[in-house]
Amino acid sequence: MRKKINVQLVTISVLAVASTVIMMLFAFYDSFQNQVKDDLEVNALVLKHTGLFNKENIGSLHFNYEKLRVTWIDADGNVLYDNDADIGNMDNHMSRPEIKSAFADGEGSAVRKSKTLNTNTFYYAVRLTDGSVLRVARNASNIWSILTRVLPIAVVTLILMIALCIVLAHFMTRNLLRPIEQMAVDINDFSITPAYRELVPFVTTIRAQHADILKSARMRQDFTANVSHELKTPLTAISGYAELIENGMVAPSEIGEFAGKIRKNARRLLSLINDIIRLSELDSADTRIVMEKFDLLEETQVCVENLQMYAQKNDVTISCEGEPVEVTANRDMIGELINNLCENAIRYNNKNGTVCVKTGSRDGHAFLCVKDTGIGIPKEHQKRIFERFYRVDKSRSKQTGGTGLGLAIVKHVVALHDAQIHLESEEGKGTEITVIF
Ligand code: ADP
């Protein structure tokens with residue numbers, strides 16, 4: 001970045017100096033040429049009005065100016081007088097462009113390259129009253145000679161500009177990069193504020209993303225620790241029971257009971273692993289979920305029907321009511337959501353309690369409501385029950401085959417469907433969970 005800025009600044013300065021020099025040169029040369037031409041015209045007109053150029057005077061004409069050449073030509077193009085050359089050697093001047101136009105239009109001018117390389121000769125001719133033509137001429141530097149004179153100054157300026165640019169670029173890049181470099185050391189050091197307004201959104205986003213990354217890393221760490229802990233309990237039990245049998249410490253009549261305990265713990269392990277796999281699938285499902293249109297009531301009726309046996313076993317009555325309502329969602333995930341909510345409503349219910357599942361539409365939104373007459377959730381736990389492995393009553397959850405992940409899966413499915421979930425619960429009275437699509 002530093003090198004790039006340096007190179008860019010130096011390039012800009014070289015281009016700026018070079019283009020300024022060239023443009024100034026052309027502008028200056030143009031005005032210089034005009035000035036020379038104007039001066040020549042004034043000289044010619046002044047000389048014309050002196051009235052000195054007439055045939056009688058010819059012998060006494062004497063213009064000893066070093067820089068101004070004066071030539072007088074008669075109407076036939078022959079040179080009558082020249083202050084710089086021997087007229088005897090001069091050819092007929094009729095063909096010279098400035099003289100031609102002076103004879104034709106009264107005045108004429110021309111610029112010709114000099115014998116020497118660095119100068120141009122400027123000519124101005126004017127017709128006198130007697131029909132002859134008076135011409136003045138002077139040498140002036142041409143654009144190349146001016147350029148060669150300006151070049152050393154331009155080169156010196158260029159070198160100074162490049163040196164200045166390198167110094168400026170150094171300070172600029174240092175100021176520009178310092179806050180970035182400082183933040184690279186510790187992005188969360190809030191004492192470092194970006195030096196430039198444009199960097200604020202960039203820094204805010206990076207800080208937010210960094211906080212998100214840390215948070216999700218911590219959550220993943222916690223989850224892994226929880227998973228290990230949850231898996232360890234049934235495995236320790238299984239291993240313990242098996243060891244007792246292995247060492248002959250269980251009476252043959254009790255073996256059946258022990259096998260049952262082992263099976264119960266193995267089932268618990270299986271449901272835990274299933275829920276963990278499900279959660280990790282949902283974690284990575286964001287972009288690939290297949291949506292379809294279906295009737296929410298119909299899907300709910302199927303789930304409720306499948307849970308009738310489970311409800312009966314727990315002495316709970318489960319029923320379904322409501323209106324058919326179409327939703328666009330992933331059918332399997334919604335089935336899972338209904339199942340988890342209903343299972344909880346049965347599991348955390350009282351003897352002879354009821355579960356009522358309702359579907360319908362409110363304010364143009366489809367909803368699903370699972371209401372039970374169970375033990376309810378104390379206020380202080382209500383916020384946390386959607387967390388992974390969070391349980392109000394650990395032993396009741398475990399006894400009834402809960403994994404502590406059911407509502408975490410529900411929350412995930414709700415989020416994937418851009419839906420909302422509402423919980424209303426009173427300890428000892430019951431719970432009502434509503435999902436609004
Ligand atoms: P679990 O597998 O333990 O049921 P969940 O994530 O499904 O895990 O639920 C978390 C906790 O929320 C449960 O342990 C329970 O304490 C509480 N809970 C969930 N649903 C209900 C309900 N309908 N009535 C009372 N408590 C509930």
Side-chain angles (χ1 to χ4, degrees), residues 219 222-223 225-227 229-234 264-283 300 303-304 306-307 310-311 313-320 333-358 367-416 419-435:
M219 271 170 63
D222 290 352
F223 183 61
N226 279 332
V227 165
H229 181 76
E230 295 286 338
L231 294 178
K232 219 170 132 187
T233 321
K264 201 176 161 204
N265 277 290
R267 208 174 47 207
R268 183 167 164 65
L269 264 182
L270 262 180
S271 26
L272 262 170
I273 289 167
N274 275 338
D275 277 358
I276 292 163
I277 291 174
R278 195 68 199 117
L279 262 179
S280 87
E281 275 172 2
L282 288 173
D283 272 339
T300 312
C303 291
V304 168
N306 290 338
L307 283 166
Y310 184 58
K313 234 167 80 182
N314 287 275
D315 295 317
V316 171
T317 323
I318 184 166
S319 63
C320 178
M333 286 187 190
I334 298 302
E336 208 168 355
L337 175 141
I338 301 169
N339 210 58
N340 283 359
L341 290 179
C342 292
E343 261 186 16
N344 279 352
I346 296 169
R347 218 184 299 143
Y348 302 105
N349 220 314
N350 297 313
K351 216 171 160 95
N352 300 321
T354 58
V355 176
C356 175
V357 190
K358 205 171 163 185
F367 75 87
L368 167 89
C369 171
V370 181
K371 189 176 179 179
D372 65 58
T373 54
I375 57 169
I377 304 159
K379 273 262 162 334
E380 66 270 26
H381 294 286
Q382 289 184 5
K383 259 208 179 114
R384 302 197 57 191
I385 55 163
F386 293 96
E387 288 174 19
R388 296 170 184 197
F389 294 119
Y390 190 85
R391 297 146 169 135
V392 177
D393 180 348
K394 241 189 179 129
S395 64
R396 180 165 180 150
S397 162
K398 280 187 181 171
Q399 250 171 26
T400 51
T403 57
L405 294 174
L407 287 184
I409 293 174
V410 167
K411 186 180 146 186
H412 230 310
V413 171
V414 165
L416 285 175
Q420 281 183 335
I421 192 157
H422 293 289
L423 167 79
E424 244 175 77
S425 183
E426 202 177 322
E427 215 179 336
K429 281 206 170 157
T431 304
E432 183 178 341
I433 295 182
T434 314
V435 177

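Whatever order the structure lists ligands and atoms in, that order sets their numbers, starting from 1.
Leu341 places a side-chain heavy atom less than 4.5 Å from the side chain of Leu337. Between Leu279 and Asp275 the shortest side-chain heavy-atom distance does not fall below 4.5 Å. Proximity of Ile385 to Val392: side-chain heavy atoms (C-beta onward) are separated by under 4.5 Å at one or more points.
Here the protein heavy atom with the shortest distance to atom 8 (O) of ligand 1 is Gly404 CA, 3.1 Å. Closest protein heavy atom to atom 11 (C) of ligand 1: Tyr390 O, 3.6 Å. Protein heavy atom closest to atom 23 (N) of ligand 1, with residue, atom name and distance, is Asp372 OD2, 2.9 Å. Counting only heavy atoms of the protein, atom 7 (O) of ligand 1 lies nearest to Asn344 ND2, 2.8 Å. Of the protein's heavy atoms, Leu407 N, 2.8 Å lies nearest to atom 6 (O) of ligand 1. The nearest heavy-atom contact from the protein to atom 12 (O) of ligand 1 is Ile385 CG2, 3.4 Å. Counting protein heavy atoms only, atom 3 (O) of ligand 1 is closest to Ser397 OG, 2.6 Å.
Looking at Phe389, Tyr348, Phe386, it is Tyr348 that brings a heavy atom closest to atom 13 (C) of ligand 1.
Contact annotation: for Ile377 versus ligand 1, heavy atoms closer than 4.0 Å belong to the side chain alone. The proximity of Val410 to ligand 1, defined as any non-hydrogen pair under 4.0 Å, does not occur for either the backbone or the side chain.
Atom numbering of ligand 1 starts at 1 in the shown order; those under 4.0 Å from a heavy atom of Val392 are 14 (O), 16 (O). Less than 4.0 angstrom separates some heavy atom of Gly406 from each of these atoms of ligand 1: 5 (P), 6 (O), 7 (O).
Checked by atom type and distance alone, the side chain of Asp372 never pairs as donor or acceptor with a backbone atom of Cys356 at under 3.5 Å. When atom types are taken as modelled, the side chain of Asn339 and the backbone of Gly335 share no donor-acceptor pair closer than 3.5 angstrom. Panel note: side chain Thr400, backbone Arg396; a donor-acceptor pair is recorded below 3.5 Å.
By the 4.0 Å N-to-carboxylate-O rule, Glu230 lies too far from Lys394 to be salt-bridged with it. Residues Arg388 and Asp283 are paired through a salt bridge, judged by an N-O separation under 4.0 Å between the basic side chain and the carboxylate. Between Arg278 and Glu336, at least one side-chain nitrogen of the basic residue sits less than 4.0 Å from a carboxylate oxygen of the acidic one, meeting the salt-bridge criterion.
Not one N or O of Ala408 is nearer than 3.5 Å to an N or O of ligand 1, by distance alone.
Contact analysis puts Arg347 in contact with ligand 1, with a non-hydrogen atom separation below 4.0 angstrom.
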